[in-house]
Every structure is written in C-alpha cells, then in structure tokens.
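Notes to accompany the following structure.
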Amino acid sequence: MDEILEILEKNGRASEEEIALMLNKSVEEVRGAIKRLETDNVIVGYNTLINWEKSDRENVIALIEVKVTPQRGQGFDKVAERIYRYPQVKACYLMSGGFDLTVIIEGREMKEVALFVAEKLAPLEGVLSTATHFVLKKYKDEGVVFADKELDDREALIL
Amino acid sequence: MNLSDMIRPSVSNVPPSGIRKYFDLINEMKDAISLGIGEPDFVTPWSIREAGIYSLEKGHTHYSSNPGFIELRRQIAKYLIRKYNVSYDPAKEIVVTVGASEGIDIALRALVGPGDEVIIPEPSFVAYKGCTSFTGATPVSIELKAEDEFKLKPEQLEKALTKRTKVVILPFPNNPTGAIMTGEEQKKIVDVLKDRDVIIISDEIYAELTYSGKHVSFASFPEIREKTILINGFSKAFAMTGWRIGYACGHPVLIEAMNKIHQYAIMCSPTTAQYAASEALNNCDDEVDSMVREYNRRRRVMVDGFRKAGLDCFEPLGAFYVFPGISSTGMTSDEFCEGLLKEEKVLAVPGSAFGSCGEGFIRTTYANSYENIVEAMKRIRQFVENHKGKN
C-alpha cells in the first residue's frame, strides 16, 4: 500500500499495469488497492506539476499569512472554510507559530491577487490581519526541482 | 629500446578489454540508451555531498592517518554490526581504501605471488582476474551456471581447490549476474573452507542491494571469520562511485599487511571522501532504503521485459544487473550486443567480458531511469523479433 503511494506520489500517470509489474502484484490487486485509497480519501486527487514560468500564461502566486480569531466550538475550521472555498485559493494550511493560516493564492497579475486580499480575504469576519508575500521564483515544488533537467553524463560503459 | 619489452609479462599478457569497440560505436550515436553502466544512476544524496563540501570549507584538506580517520573506522564498525552482525576492532581490523577495488588489489598483493592459485567464480567482476595476474599468481576459474542461478556450489569449490590454492574470492551479490547466496547456501561453502589453509576475500560491495531476505556476510560465520577479508564500500549503496572510497576488514595480521601496501602506494583515502562517507553512515538509511525500493521496481520491469522478449532470464536478487541468456537467438553474446547497438541503439555488455562462461549471456543494468528501461526493453524485444529464425 505504502509503495503504491510512493510510486503515485512521484508519477500520477503510472498505470495499474505498470505498478503491478513493479511491485510483483496482480493488476486486480493494485486496482483494488488504489480504489480503496481513493474512496478513503488517502489519494485526494491527481494533479500535474506545471512550471508556469515556461508557459505563455502569466501567473503570480502569493503566500498570505492570516491571523484569525477562532470561533467558539468550531476553532479555526469555520474561518478556514470560508477562505478555502474561493477558487483562487490553491492551498490553505493551519499553522503553528506566529500566525494561524497560510493561504496560497494564484492569479494572473499582482493586482488581481492584491484585490482579492483587500476585498475578499481581509474583510472576512474573524480575520484579524493579513500579510501578503509574492513568490518571485519557484526553485522546487512538490519535491521536484524546476531547473532544467541535468543530463546523464556517465561514461557509456563501465564493467 | 623497445618499450613494450620493458613491461612485465604478467601485465602485458593480460589481454586488452574486448569492449573498446562499443565505446567507439556509442560515442557516435544520438539517443542511444546505455544499459552498460555498472554504477548507480542516482546522484550521491545531498547531505553526503554537503558534508564533503563543508569539510572543504573548513579546510580539511590534509592527509588522514594511513588506515583512515579513526572516527570513520568506528562508524564503519558500528554499521557492520548493525547491518550484518559482524564485529571488527576499528583500531586494528579496518583499513579505509580507495574504493573496494583497492581493497581487492592490496589483499591480493599482500597474499599471493607466482606459484599461488586464486579461485575466482565466474562470470565475475573483471578486476579479480586482472589483479591476480598482475601479482604473478594463477587465477583458477569456477564456471557458475545459469541452472544453479549462478550460485557457487560446494562440489565445484571442492574440485577447484588444490594444494596451491591460497585465496578464494567470493563475489556475492554478483556483478554481472545479480546472483546472491542465502545463509544456508553459504554455510555449505563455509564447511568446505573452514579447515583449509586458504584466505577468503569476500567482496560484498553490493550487500545493501539485496531484494530477497537480508544479505548474509561470509564474515559472520565464526568458523571462517579469522581467514576472511571482508571488502565493502560506499560506491553502490550510497551512490558514491566517483568519491572512490571503500574499506577492508579482517584479522589484524591481514589488515596490517594490507595497510603496509596501502601506506606506500596510496598514503590514505581522499580526506573529503572520508568526511562524506561518515555522513553516509550516520544519516542516510532512509535514502538507501528508498534507492533500493526503486531499484527493486525497475528490476522486476526489466526481468519481465526480457521474458516477454522470449529470452531465458533467471531472477537476479542482488546488485543492479540482469543477466539473460541470448543463445536461443543463435547469436554469440558479442554479435547480439553489437547488433543491438547498431540496429536498436541499446548498449548491453556481452557476458563473455566477465569470463568465458559468460558467453551466451548479456549484462544489462537497471541503474537507469524507469523511462529508459521501458524504452530499452521495447527495443530489445524488437531486435529479438527481427532476428527470429535468421541465425
């Protein structure tokens, strides 16, 4: 089970057949296991990691530190929900330390992100303060280095 | 003066490598896939590289003591107990070498000379025979067989032993076959050797890369512990080939002799590599485990690929090699490899490069990316298909 996750975490496109072969299991076994992982929400989704900088699309990402007042009986969850429901919010984490929520926003330009913070996020009931940090460059994301792939420069033949 | 006459016969008589032509061929090719590289495709884990860099920043650029930093030797001793339950005194029973290769060389130089015989199970890593020949001693091959899964049988060993046998080399997990030996199988070999006056050189450089059960070290058998030199290193397990660092362990009398040669020939192993190796032993278990799991997955894909191509392929359970039989194609291993490279741009190594009994087999390594392996297996299948009934 763990190894299926290890494979899929690195390559969401690995087929059931490939995984079965790699792990010396039957295709049915692997299919069943993946199905269970999906049902149990262990596998939450399958994404593609895109380096937008190299595409034609303009894209800005901001990491926003949000301080909130927890609500009676519901802690941070209710406020968090009101934030993460927005489609602009790519990620939302509850944090330990100096602030409460990390909110990652993606937009086409800085102004769009800034406006979202000013008009939607900051005025929300329970939100005490926000601090917006724009991402200038992604070096690595989801365990993958974004720099151009290094060539295999090993000698062609070694006994 | 004819310079060639100045070279000792024991050196000039060792034939040049027959695989030169493959270098020339592949160097002219684009998009060729090499399955001929006997080293990890992983880069050394970052924390190890970082430790090497840090040691340079701190100015640790001097010699170490001849057998290596005592701290590193202590860590090696701990690691060997933890992993293989073999115990060595770091002060007297361990020498840090320039790769496992140096360990093999200085062990042979310390032990054998003209008139002595060295038993080498083959197919095997080419250096055993070469280094034996350089000393003037006689290499005696034992031909391991595919039907025995390339394991050494006690009867074979019994037959090869003579009054002149001084050293027996035990190369498991094996390059090029990927064969391993289980504890029970090893015990039978131990029983043959325990009452003989021979030294065992057990090359366990691939010990971490074992895919079925746990690797058992020959040095862990108390009956032969005193006469066994354990060779190991960092190259394969920690993906550190270019650092050139390994170690040899054994009885103080043997290690002292080896260290004498090491001291005059090498002085000490590279200091930077020693610091890096130290980090490898301290903090890299997870990285090693993850590389081993990855190799294991690729191994299954490759074995399956050969079987689907219709080639006989025993299941290799160690190292990172697959050693399928190709005689069903009617080609020699050299013809197969040359054809495969020219027609499908995949480089494999003819089994004959690892001893004459490797004829009829090819060595391929799965120390390559998953994508490359899948593509290479497709091309090999095509190649076998194209040559069906031709030869």
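Quantities reported herein were computed from a predicted structural model and do not represent experimental measurements. Throughout, protein chains are lettered first and strands after them, A, B, ... in sequence-line order, and every chain is numbered starting at 1.
For A:Glu9, the CD atom counts as loosely surrounded, since its 6.0 Å shell holds 12 or fewer non-hydrogen atoms of other residues, nucleotides or ligands. Other residues, nucleotides and ligands contribute at most 12 non-hydrogen atoms within 6.0 Å of the NZ atom of A:Lys120. Within a 6.0 Å sphere centred on NZ of A:Lys35, other residues, nucleotides and ligands contribute 12 heavy atoms or fewer. For A:Tyr139, the OH atom sits in a loose shell: 12 or fewer heavy atoms of surrounding residues, nucleotides or ligands are nearer than 6.0 Å. For A:Arg72, the CZ atom sits in a loose shell: 12 or fewer heavy atoms of surrounding residues, nucleotides or ligands are nearer than 6.0 Å. In this structure, B:Phe23 places its CZ atom where more than 12 heavy-atom neighbours from other residues, nucleotides or ligands lie under 6.0 Å away. Heavy atoms of other residues, nucleotides or ligands lying less than 6.0 angstrom from CD of A:Glu38 number more than 12. Within 6.0 Å of the NZ atom in A:Lys67, the count of heavy atoms belonging to other residues, nucleotides or ligands does not exceed 12.
Between atom CD of residue A:Glu155 and atom OG1 of residue B:Thr241 there is a gap of 11.0 Å, rounded to the nearest 0.5 Å. One finds the CG atom of B:Asn368 at 6.0 Å from the CG atom of A:Asp152 (value rounded to the nearest 0.5 Å).
At a 4.5 Å heavy-atom cutoff, A:Ile19 makes no contact with chain B through either its backbone or its side chain. Interface residue B:Asp41: backbone and side-chain heavy atoms are both found under 4.5 Å from chain A. Contact annotation for B:Ile37: both backbone and side-chain heavy atoms come within less than 4.5 Å of a heavy atom of chain A.
Chosen from B:Tyr321, B:Tyr370, B:Phe125, the residue pairing most often with chain A at heavy-atom distances under 4.5 Å is B:Tyr370.
Contact between A:Met22 and B:Val301 at its shortest, heavy atoms only, is CG-CG2, 3.8 Å. Between A:Ile158 and B:Arg363, the shortest heavy-atom contact is O-NH2, 2.8 Å. When all heavy atoms are compared, the tightest approach of A:Ile7 to B:Arg297 is CD1-CD, 3.5 Å.
Close approach to chain A, defined as a heavy atom under 4.5 Å from one of its heavy atoms, is seen in B:Leu347, B:Val349, B:Phe354 of residues 346-358 of chain B, taken by number.
For the pair A:Leu157 and B:Ile26, the minimum side-chain heavy-atom distance is 4.5 Å or more.
The existence of a salt bridge linking B:Arg293 and A:Glu6 is confirmed by a sub-4.0 Å separation between a basic side-chain nitrogen and an acidic carboxylate oxygen.
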